[in-house]
Protein chains: 2
Amino acid sequence: MKVLDELSKTHLALSQSELESTFRKVDRITLYRALRDFEEAGIVHKIVDMNGTTRFAICSDDCPDATHNEEHVHFNCQRCHKMFCLQHTHIPDIQLPPGFTHSGINVLVQGVCNKCS
Amino acid sequence: MKVLDELSKTHLALSQSELESTFRKVDRITLYRALRDFEEAGIVHKIVDMNGTTRFAICSDDCPDATHNEEHVHFNCQRCHKMFCLQHTHIPDIQLPPGFTHSGINVLVQGVCNKCS
DNA sequence: TATACAAACGCAACAGTGTTGCATTTATTT
DNA sequence: AAATAAATGCAACACTGTTGCGTTTGTATA
Ligand SMILES: [Mn+2]
Ligand SMILES: [Mn+2]
Ligand SMILES: [Zn+2]
Ligand SMILES: [Zn+2]
């Protein structure tokens, strides 16, 4: 499927409308359903960027199917507005207050990317 | 203003519709503009929860006005769906790949809160 | 106090996204 | 070729974000 192609090509997280514009012609609903199904199948993961835009990225090989526990950092460049999956930047442990149990974590860093700096 | 009252009472991050329902009568636009202005003034900060819902929370005293650099952890309980500002849970430094510079960070932890566990 | 000006408020309207139902087209399987 | 299953497109609706504009309310001033 072309969606997976596009997502695999770049290791960026793309919004639905960005994906949409790589197609000559596609219905937004079809795209929505494809992305939903890919996410449920553990093939892509979904992240919300600093502007609230939902973005999708291909999952790495070692991503457990449904749970999406591949805990890597996401980076949002404030120049080019691209979102990077920093697959190799791991998330340090966080000490939660007593009584709070942890089952997942999202880390979104803002700044300037290597190309824009 | 009642909005600030509500946000100060709880130290949770509330969605606009949650805030709306604490009012007897208020226009959603008025609320939207109030929240926008409070955020620009550095009185409240905005966070997107794990479902993509935007939420607002009162800023701590030491929050720098416009920039919102009070870097604390946010916690989303998957039972009660409340979002907590863990004001005292600090965010560890993260090593970014070369060329990436950091100017802000959001950490959102999912799990079960102290009341629900 | 009456008038003038400014701030707050409410409504209409529009765009974008998420979501579902249903009918049609396309692909598979007997 | 016929029957069945999967993918697609469209209509529709809800909710959020956002702006414009006119009305109400509040404040300052002559
Ligand atoms: Mn990622
Ligand atoms: Mn907070
Ligand atoms: Zn960049
Ligand atoms: Zn809870």
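If you're wondering where the values come from, they're calculated on a predicted model, not measured in any experiment. Lettering follows sequence order; numbering is per chain, from 1.
Boundaries of the chain B contact region on DNA chain C are C:dC9 to C:dA13, first to last in 5' to 3' order (nucleotide atom under 4.0 Å from a heavy atom).
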With the sugar-phosphate defined as primed atoms, P, OP1 and OP2, and the base as all remaining atoms, what B/S/- string results for nucleotides 8-18 of chain D, 5' to 3', for protein heavy atoms under 4.0 Å? BBBBB---BBB
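In the model, A:Thr89 has no side-chain atom that pairs as donor or acceptor with a side-chain atom of B:Gln95 under 3.5 Å.
The backbone N or O of A:Lys82 sits less than 3.5 Å from a side-chain atom of A:Asn76, completing a donor-acceptor pair. No donor-acceptor distance shorter than 3.5 angstrom exists from the side chain of A:Thr53 to the backbone of A:Asp49, with no hydrogens or angles considered.
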I would like to know whether B:His74 and B:His72 meet side-chain hydrogen bond (donor to acceptor under 3.5 Å, both in side chains); could you show each step before the answer? CA-CA 7 Å; B:His74 291 123; B:His72 58 261; 2.9 Å; yes
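A side-chain hydrogen bond (donor to acceptor under 3.5 Å, both in side chains) check over residues 10-24 of chain A, counting only residues at least two apart or in different chains, returns the pairs A:Ser15-A:Ser17, A:Glu18-A:Arg55.
At most 12 non-hydrogen atoms from other residues, nucleotides or ligands lie less than 6.0 angstrom from CG of A:Asp93.
Side-chain rings of A:Phe100 and B:Phe84 approach one another, their centers coming within less than 6.0 Å.
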